[in-house]
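Letters A, B, ... are given to chains in the order of the sequence lines, protein chains preceding strands, and every chain is numbered from 1.
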Amino acid sequence: MSIILILEQVLNGLQFGVMLFLMAAGLTLVFGVMGLINLAHGALYMVGAFAAAAVAGLTGSFLLALVASLAAAAAAGAIVEVAVIRRLYDRDHLDQVLATFALILIFSEGTRWIFGSFPLFLDVPDYLSGPVSLPGGIEYPLYRLTIIAIGLVVAAALFWLIARTRIGIQIRAGEADREMIAALGVDISRLYTLVFALGAALAGLAGALVGAIQSVQVGMGEPVLILAFVVIVIGGIGSIKGALVGAVLVGLTDTLGKVFLPQLFGLFMEPASATSVGASLASMLIYILMALVLLVRPSGLYGGSN
Amino acid sequence: MLTRETTLNIALAAALLAVPLLALAMDEIFIITLATKVAILALAGVGLNIALGIGGLVSLGHAAFFGIGGYAMGILAAHAQNYEPILEAPFLIEGTNQMPIIWLVAIVASALAALVIGALSLRTSGVYFIMITLAFGQMLYYFAISWSAYGGEDGQSIWVRNEFPGLNTLDPIQFFLIAYVILCVVLVFSARLARSPFGLALAAARQSEERVMTVGLTPFHLRLVAFVISGAITGLAGALYADLNRFVSPTMLSWHTSGEIMVFVIIGGVGRLFGPVVGAAVFILLEHILGGFSEYWQIFLGLLLLLMVLFARGGLIGAIAGREVAHD
């Protein structure tokens, strides 16, 4: 196995990790600020992907499709927050789990009703397709490189938003003490809607970006949602930095494990069983990583003491 | 003097027995199968209810145990039907088509899994616990998909239902009775567990962890034991469910299954002894009524669930029998 192959897989892992970050950032913000566990976050990812596929089908513009995914997911997020989620902040986690599970059923079946069971396809635009040559002789798809770039830009913007802007101060204050900032005259319910819509928009963007690599179908958000949970558990709930580190760790572990574990077992086993044992172990690798992190730090790498 | 809830429970147990017997008299075999499904899914819910209702442990990974029970049946029965031993060296282990042995294996295997998953997950609490149980459940799901020896993603079929000494398990009513008797035994066990010193300590750990620690008990140990018992019961239900369908697949391990088991418990009422029975019955009825009405019945299920969470707390048993169990 060559250096080039390894570097390519590292880039793949990075691309996967960056995409997971877009999902995990919203989840962790919503949990950190509102104390809500949102299983329906994967549904917003799906909404973004379907909106993008529909708009791309109508207009042919990938850029418009991305804008549509952001807008549709943010709108869906805001509507859901006002209609349902708002009533759940004071409830226990069990009620939140059940209500957001119900939302998944409604979103999934609703999407199936509107778009049918067959997957839609979202094409990578011409100006982003094809490989580019990187230093060191690596040929890598431009589109995947673009995803990494978009993800990193979003991450930087998010850090800036949280650390440097007025909204960010309010969000951090909301995490620390919600009564106090309400007493200081911040419209807390508007802030909550805003945070939820922001998280939803990021999930929708992730859905649209990935939709162009994979197919756009009902239920596409759920595997990603669970990976995003793993990311948050590893990174620490409520921490954006933890979400970024966790996402990259999970992305790299999963991608590299799937490629190299079967080869590793191939060194001392016969090829057929090496492939199956390696693949089985690779599918469990990130959960083993999560278990290890938990053993050392039960509240995640960047989690607080609570 | 019977309390209102006890009277209701006796009526529910009688109704679950009466419906398939009536169906037998009217030659409606399909209804017997539905009632069997209700009894088995209720059993899975009774298992979860021990962790969730008494212990307050919101486990979103009980599909793991349900699926392990299912695969215990699938693996043992597949080897028995192909006359291939499971293990030849260092000692011989053969498959079996005897239900009691399969149940025992299912219970032991899922209890062991619950011990490992519980020992790791119970180091955390609250929303971490939910996410971690969910993640471990999903780990087994992906493992089952990539494990090609027993069908991988397609699952493992069994040609003939497994046997129980002295009974014809292929006869729907006899198989129903097996499931029903197991459900009743486990319900009695669960009721006694809730009133035992262990059950009281577990409930106390849910309500006030500090006080339990003050009297010298360790909440972690109480919860771990509860989680193991809970997983073992759900595993037994999984073995029965796989036998009912004569089929096991990774779907049994998927997190939708975890969500559904939780839905049974909550529709009926968290911490209520017969909550899962009511919940499973209502769920199966809805599936058939709404399913006949629209292909997209899960939208209506989702709306109903949402309305229940937002407005009707305490579940159906709570609505009928009033608030007797203190549960927060």
Side-chain angles (χ1 to χ4, degrees), chain A residues 27 31 35-37 39 83-84 87-88 91-110 112-113 117 219 222-223 225-230 232-233 236-237 272 275-288 290-291 294-295 298-300 303 306, chain B residues 52 56-58 60 116-117 119-132 134-149 152 254-256 258-260 262-263 265-267 270 294-311 313 328:
Chain A
L27 270 178
F31 185 80
L36 175 99
I37 173 165
L39 296 183
V84 179
R87 296 164 217 276
L88 297 171
R91 299 292 190 84
D92 58 19
H93 292 317
L94 184 59
D95 284 352
Q96 298 175 349
V97 164
L98 199 70
T100 50
F101 185 73
L103 284 175
I104 292 180
L105 295 180
I106 295 170
F107 268 106
S108 291
E109 290 301 301
R112 205 192 304 276
W113 206 346
S117 296
E222 291 166 19
L225 171 82
I226 289 160
L227 289 180
F229 279 152
V230 174
I232 293 180
V233 168
I237 296 178
T275 310
S276 83
V277 172
S280 306
L281 194 63
S283 69
M284 297 167 70
L285 205 56
I286 52 166
Y287 304 99
I288 296 170
M290 179 186 79
L294 277 178
L295 283 176
S299 53
N306 52 342
Chain B
L52 180 65
L57 306 170
V58 185
L60 202 44
V116 175
I117 294 178
L120 284 166
S121 323
L122 286 168
R123 292 168 58 85
T124 63
S125 60
V127 70
Y128 273 102
F129 182 80
I130 301 175
M131 291 185 191
I132 292 162
L134 175 61
F136 279 125
Q138 208 64 8
M139 172 178 97
L140 289 174
Y141 172 71
Y142 286 118
F143 177 76
I145 284 182
S146 62
W147 194 24
S148 51
S254 87
W255 77 291
H256 268 265
S258 293
E260 281 173 11
M262 191 178 268
V263 166
V265 174
I266 295 171
I267 292 182
V270 179
S294 159
E295 189 189 337
Y296 307 104
W297 70 279
Q298 291 205 328
I299 292 187
F300 303 103
L301 177 70
L303 285 172
L304 268 173
L305 266 179
L306 206 53
L307 290 176
M308 270 196 65
V309 179
L310 294 180
F311 303 111
R313 305 182 69 187
D328 299 302

Please identify, among [options], the residue contributing the most non-hydrogen atom pairs under 4.5 Å to chain B.
options	result
A:Arg112, A:Arg87, A:Gln96	A:Arg112
A:Gly35, A:Ala282, A:Ser283	A:Ser283
A:Phe101, A:Trp113, A:Phe107	A:Trp113
A:Gly110, A:Ala102, A:Ala99	A:Ala102

Which one wins on heavy-atom pair count under 4.5 Å against chain A: [options]?
options	answer
B:Phe136, B:Trp147, B:Tyr141	B:Phe136
B:Tyr296, B:Tyr142, B:Phe143	B:Tyr296
B:Leu140, B:Leu303, B:Leu307	B:Leu303
B:Thr124, B:Val58, B:Leu305, B:Leu306	B:Leu306

Roughly how far, to the nearest 0.5 Å, is the [atom2] atom of [Y] from the [atom1] atom of [X]?
X	Y	atom1	atom2	value
B:Glu260	A:Leu105	CD	CG	8.0 Å
B:Ile266	A:Leu98	CD1	CG	4.0 Å
B:Gln138	A:Ile226	CD	CD1	3.5 Å
B:Arg123	A:Leu294	CZ	CG	7.5 Å
A:Ser108	B:His256	OG	NE2	6.0 Å
A:Ile104	B:Trp255	CD1	CH2	3.5 Å

Heavy-atom pair with the smallest gap, counting every atom of A:Glu109 and B:Glu295:
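In terms of heavy atoms, the two residues are closest at OE1-O, 4.1 Å.
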
Of the non-hydrogen atoms in A:Ala279 and B:Ser146, which two are nearest, and what is the gap between them?
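In terms of heavy atoms, the two residues are closest at O-OG, 4.1 Å.
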
So for [X], is it side chain, backbone, both, or neither that comes closer than 4.5 Å to the heavy atoms of chain B?
X	value
A:Leu88	side chain
A:Leu225	side chain
A:Leu295	both
A:Val97	side chain

Do side-chain atoms of A:Arg91 reach the backbone of B:Val309 as a donor and acceptor pair under 3.5 angstrom?
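Judged by distance alone, yes, a pair lies under 3.5 Å.
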
May I ask you to decide if A:Ile237's main-chain N or O and B:Tyr128's side chain share a donor-acceptor pair within less than 3.5 Å?
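At least one qualifying donor-acceptor pair exists.
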
Side chain proximity check, [X] to [Y], heavy atoms < 4.5 angstrom:
X	Y	answer
A:Leu94	B:Met262	yes
A:Met290	B:Met139	no
B:Leu60	A:Leu39	yes

Full working for ring pair (Phe, Tyr, Trp, His ring centres under 6.0 Å) between A:His93 and B:Phe129
CA-CA 10 Å; A:His93 292 317; B:Phe129 182 80; over 10 Å; no

In terms of heavy-atom proximity below 4.5 Å to chain A, should B:Ile130 be classed as side chain, backbone, both, or neither?
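Side chain of B:Ile130 only, per the 4.5 Å heavy-atom cut-off to chain A.
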
